[in-house]
Amino acid sequence: MGAACNNLSAFESCNTTPLDTFDRFTLQLHLNKLARTESRDRVLQIRAYLRDLFAEAVDQDFLAKDPARKLNVPTRLRKSDKTTLTWPQMRTALSSLPLSDRVLMELDMTDALRPGELFALRWKGFNYRQRIMQVTETVYREKIRPWGKTPQSLGPVHIPKQLADDLRSWQQHCPDSSPEAFIFPNKRGGFMNADNYRKRVLHKLAEQLGILRLTFQVIRRSIATLAQRKGTVKDVQGVLRHSRTPTTTDVYMQVMPEGVQATVNAINAELRGKTAKEAKRMGTLLPNATKLGEGVPASC
């Protein structure tokens, strides 16, 4: 049953279980059980895997009927994590790290890199003069692969000058700066494990920042949210290298309350025209200014 089996831990023998022994009830029961412990996104992903897998089995004439076609989304899904960091929190985190970790985290934050992209970077991809980093491969399940999550995952990413200077400084101090060497290697010179780094570094930062959750996903979501004030939606989509805009806007970007408040103020200022600007400057509406609601009966 391929990759989907790796996500279906309850089916320990799914690689040897005949496809025609699965029915809709069994699959729905398993999906409902997963909803108690797994995240909303993970449950929806596994449901999609199941539906695609059994649909293909029917198309290939391995099955006469598709038991996953009418699988329902469990009614009690866990809420998706919406944790985001602020600029001060991220600056505080960076300032407390040694050179290698600080450069790693600043590069990750600046270009919103996925961990699989970040830990696969090699020195041959770093061009100091042009200030770009070529993402040519990714780490997935402890293996290097020459492709990324999306077609946009691979390619050059821009490196700001000061960050490029710090990368060059790290290049001069790192254990191995040869072209094929990993920029952020483990103790044996191979690529680092993302889960290990999360436990060893990110958990410590979370405790220091006083937040409950800090992961590479939280960092990408934070950058997507905060970058709303730094560029257009298309710009942010380009930074995150998403294939589809809705992924950027609906999954990663979170509502910023201060942004909503500023928008409401701007709308009301337009409705009131110059009077609103004068009122802001003087602290009150001018006595002779036309006010919203003027002329409405007192009984209202």
Side-chain angles (χ1 to χ4, degrees), residues 85 90-91 93-205 214-224 227 235-243 247-248 252:
L85 306 177
M90 286 191 280
R91 284 194 291 267
L94 291 175
S95 66
S96 64
L97 293 171
L99 177 63
S100 60
D101 286 326
R102 181 175 61 79
V103 173
L104 183 153
M105 291 304 302
E106 186 173 352
L107 179 60
D108 180 65
M109 292 175 179
T110 301
D111 287 292
L113 295 172
R114 301 175 179 91
E117 300 161 352
L118 180 66
F119 293 121
L121 295 176
R122 300 179 192 261
W123 284 117
K124 65 181 180 180
F126 175 48
N127 189 315
Y128 175 74
R129 290 188 176 182
Q130 295 183 9
R131 294 206 292 273
I132 61 172
M133 179 72 74
Q134 290 286 350
V135 181
T136 59
E137 53 192 359
T138 58
V139 175
Y140 184 69
R141 293 188 177 180
E142 300 302 310
K143 294 182 179 180
I144 291 289
R145 58 182 187 177
W147 66 85
K149 187 174 183 180
T150 69
Q152 285 73 27
S153 296
L154 304 185
V157 295
H158 174 68
I159 307 296
K161 185 180 185 308
Q162 289 183 311
L163 179 54
D165 291 339
D166 287 345
L167 265 168
R168 195 174 193 182
S169 177
W170 167 238
Q171 187 175 21
Q172 295 169 352
H173 291 85
C174 71
D176 184 359
S177 60
S178 61
E180 292 297 327
F182 292 103
I183 296 180
F184 306 108
N186 59 25
K187 293 181 179 179
R188 298 182 301 276
F191 56 81
M192 278 198 281
N193 179 282
D195 288 336
N196 179 276
Y197 191 86
R198 173 172 52 82
K199 294 174 183 177
R200 181 171 57 84
V201 177
L202 298 187
H203 283 183
K204 182 178 179 180
L205 284 175
L214 178 58
T215 64
F216 289 105
Q217 186 75 355
V218 167
I219 292 172
R220 275 176 64 82
R221 187 186 307 119
S222 300
I223 295 302
D235 293 332
V236 180
Q237 179 186 351
V239 172
L240 273 69
R241 287 159 292 116
H242 285 149
S243 298
T247 303
T248 305
Y252 283 82

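Heavy atoms only, all atoms of each residue included: L167 and W123 are closest at O-CH2, 3.5 Å. Residues V135 and S153 come closest through the heavy atom pair CG1-O, 3.8 Å. Counting all heavy atoms, side chain and backbone alike, R131 lies closest to P160 at CD-C, 4.1 Å. Taking each heavy atom of G116 and A120 in turn, the nearest pair found is O-CB, 3.5 Å. Looking at every heavy atom in both residues, M133 comes nearest to L121 through CG-CD2, 3.8 Å.
Atom-to-atom distance recorded for Q134:CD and I132:CD1 is 4.5 Å, nearest 0.5 angstrom. The CZ atom of R102 sits 11.5 Å away from the CE atom of M109 when rounded to the nearest 0.5 Å. Here D195 contributes atom CG and F216 contributes atom CZ; the two are 9.5 Å apart, rounded to the nearest 0.5 Å. Between atom CZ of residue R168 and atom CG of residue D165 there is a gap of 8.0 Å, rounded to the nearest 0.5 Å. With rounding to the nearest 0.5 Å, the separation of CG in L163 from NE2 in H158 is 9.0 Å.
Ring pair F184/Y197: centre-to-centre distance not below 6.0 Å.
Side-chain atoms of R114 and T138 include no donor-acceptor pair closer than 3.5 Å. Checking N193 against E142 by side-chain atom types alone, a donor-acceptor pair falls below 3.5 Å.
At least one side-chain heavy atom of V139 sits less than 4.5 Å from a side-chain heavy atom of I144. In this structure, the side chains of L205 and L97 come closer than 4.5 Å at one or more pairs of heavy atoms. The closest side-chain heavy-atom distance from M105 to L202 is below 4.5 Å. Inter-residue side-chain proximity for I223 and M90 is flagged as met; some heavy-atom pair is nearer than 4.5 Å.
Few gaps surround NZ on K124; more than 12 heavy atoms of other groups in view lie less than 6.0 Å from it. Heavy-atom contacts from other residues, nucleotides or ligands closer than 6.0 Å to CD of Q172 number more than 12.
When atom types are taken as modelled, the side chain of R198 and the backbone of T215 share no donor-acceptor pair closer than 3.5 angstrom. With R122 contributing its side chain and E180 its backbone, the two residues share a donor-acceptor pair below 3.5 Å. Under a 3.5 Å cut-off, the side chain of W170 and the backbone N or O of I183 do form a donor-acceptor pair. Using modelled atom types, no side-chain atom of T110 and backbone atom of L107 make a donor-acceptor pair closer than 3.5 Å. Judged by distance alone, with hydrogens and angles left aside, the side-chain atoms of D111 form no donor-acceptor pair with the main-chain N or O of L113 at under 3.5 Å.
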**OP:** Check the pair E117 / K149 against salt bridge (Lys or Arg N to Asp or Glu O under 4.0 Å), numbers first and verdict last.
**Re:** CA-CA 9 Å; E117 300 161 352; K149 187 174 183 180; over 6 Å; no

**OP:** With side chain to side chain contact (heavy atoms under 4.5 Å, CB included) as the test, would you mind laying out the steps for V103 and L99 before giving the verdict?
**Re:** CA-CA 6 Å; V103 173; L99 177 63; 3.7 Å; yes

Original post:
Would V201 and L104 count as a side chain to side chain contact (heavy atoms under 4.5 Å, CB included) if you check the C-alpha gap in whole Å, the side-chain angles of each, and the deciding distance to 0.1 Å?
Top reply: CA-CA 11 Å; V201 177; L104 183 153; over 6 Å; no

**OP:** May I have the step-by-step check of side chain to side chain contact (heavy atoms under 4.5 Å, CB included) for R200 and M192, ending in yes or no?
**Re:** CA-CA 11 Å; R200 181 171 57 84; M192 278 198 281; 3.6 Å; yes

